[in-house]
Amino acid sequence: MEYIKLEYSGAVATLTINRPKALNALNSAVLSELSAAIDEVSASSARCLIVRGEGTKAFVAGADIAEMSNMTSEQALEFGRLGTAVFKKLERMAIPTIAAVCGYALGGGCELAMACDIRLVSDTAAFAQPETGLGIIPGFGGTQRLPLLVGVSRAKEILFTGRRVKAEEALSIGLCSGVYTVDELFPAAQAMAEKIASFPPNAMRATKLAANQAFAANVDAGISAENRIFAACFDGEEQKQCMDAFLNKKK
Ligand code: CAA
């Protein structure tokens, strides 16, 4: 695999999104490898999974804007369905998952973290759903999972403004479970994963399966709608203008 690293330490698997030159942005190739890596972990004897990004600047800076910029609405529908299917597979893994979020978790990065069971973050972490400013909506489940985690009103405020939610605020609104220094974050995630992995595996799987019933049906219905609404954004002018503006700033 080019963009995903998988490592095992005892009963804990660590999956690293490894595309640091683009701040670990998610293109179709990364998403396909992520899907295969989740299958590999599910088939292994791992009892807990940590998801992280390579480096300390970004967990994941979003879906790949360069890839999305020229998409038709049909291609955007396919891209949104790929991302949401992979994230749903992650969310429904039998074993618990922990996102170790160091630095930026923007757009699809925030959505990836929210598809994990637990989020532990660095004191440098910043979450956001900046899609409105790009002329689109979150396309990998963010419109559904953010309200579940922080409540509908606060989720709408975060979605509508695209503002950054820093670590301490994320803790206070339930978007994460703990804040650590950059140096402490990954050891803390490993320690929590080892603790989870030490419990009887069938009871752990049963607990996750039951807890997922609290939201699974609603998320599934909402994500189908999100897929269609996300794709429709690619029919208008706003998406192309906004994404070109982001890409041209680089030149
Ligand atoms: N897609 C593609 N490339 C990205 C990217 C993204 N989402 N985020 C960063 N990169 C690339 C940059 O283009 C740049 O590449 P080059 O060196 O080749 O120019 C490299 O990563 C480093 O980024 P910057 O030079 O921009 O670094 P910075 O420190 O100045 O800024 C940042 C960092 C604030 C995270 C900025 O990169 C940024 O705003 N990125 C975009 C964040 C964003 O809008 N994410 C949401 C995407 S939409 C989405 O995710 C939709 C969905 O739900 C499906």
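Counting convention: from 1, in listed order, for ligands and their atoms alike. Along the sequence shown, residues carry numbers from 1.
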Selected option - heavy-atom contact closest to [atom], from [options]:
{"atom": "atom 52 (C) of ligand 1", "options": "G162, G83, G139", "value": "G139"}
{"atom": "atom 43 (C) of ligand 1", "options": "G107, A61, G62", "value": "A61"}
{"atom": "atom 40 (N) of ligand 1", "options": "F87, F140, F246", "value": "F246"}
{"atom": "atom 1 (N) of ligand 1", "options": "L26, N27, I65", "value": "I65"}

Before giving the answer on side chain to side chain contact (heavy atoms under 4.5 Å, CB included), spell out for R145 and F87 the whole-Å C-alpha distance, their side-chain angles and the decisive distance to 0.1 Å.
-> CA-CA 11 Å; R145 293 192 181 96; F87 286 12; 4.2 Å; yes
Should [X] be counted as touching ligand 1, given the test is an N or O pair under 3.5 Å?
{"X": "R164", "answer": "no"}
{"X": "L106", "answer": "no"}
{"X": "A63", "answer": "yes"}
{"X": "E131", "answer": "yes"}
{"X": "A25", "answer": "no"}

Scan the side chains in residues 44-52 for donor-acceptor partners under 3.5 Å anywhere in the protein, sequence neighbours excluded, and list what turns up.
residue	atom	partner	partner atom	Å
S44	OG	V41	O	2.7
S44	OG	A46	N	3.1
R47	NH1	A197	O	3.1

Validation row, ring centre F127 to ring centre F59 under 6.0 Å =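 No.
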Run the numbers for me: atoms of ligand 1, each under 4.0 Å from some heavy atom of D64, listed by number.
->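 Those qualifying, in numeric order: 1 (N), 2 (C).
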Show me the side-chain donor-acceptor pairs of residues 98-108 shorter than 3.5 Å, one per line, residues at least two apart or across chains.
none

Contact check, side chains of N24 and E54, non-hydrogen atoms, under 4.5 Å |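 Yes - at least one pair of side-chain heavy atoms lies under 4.5 Å apart.
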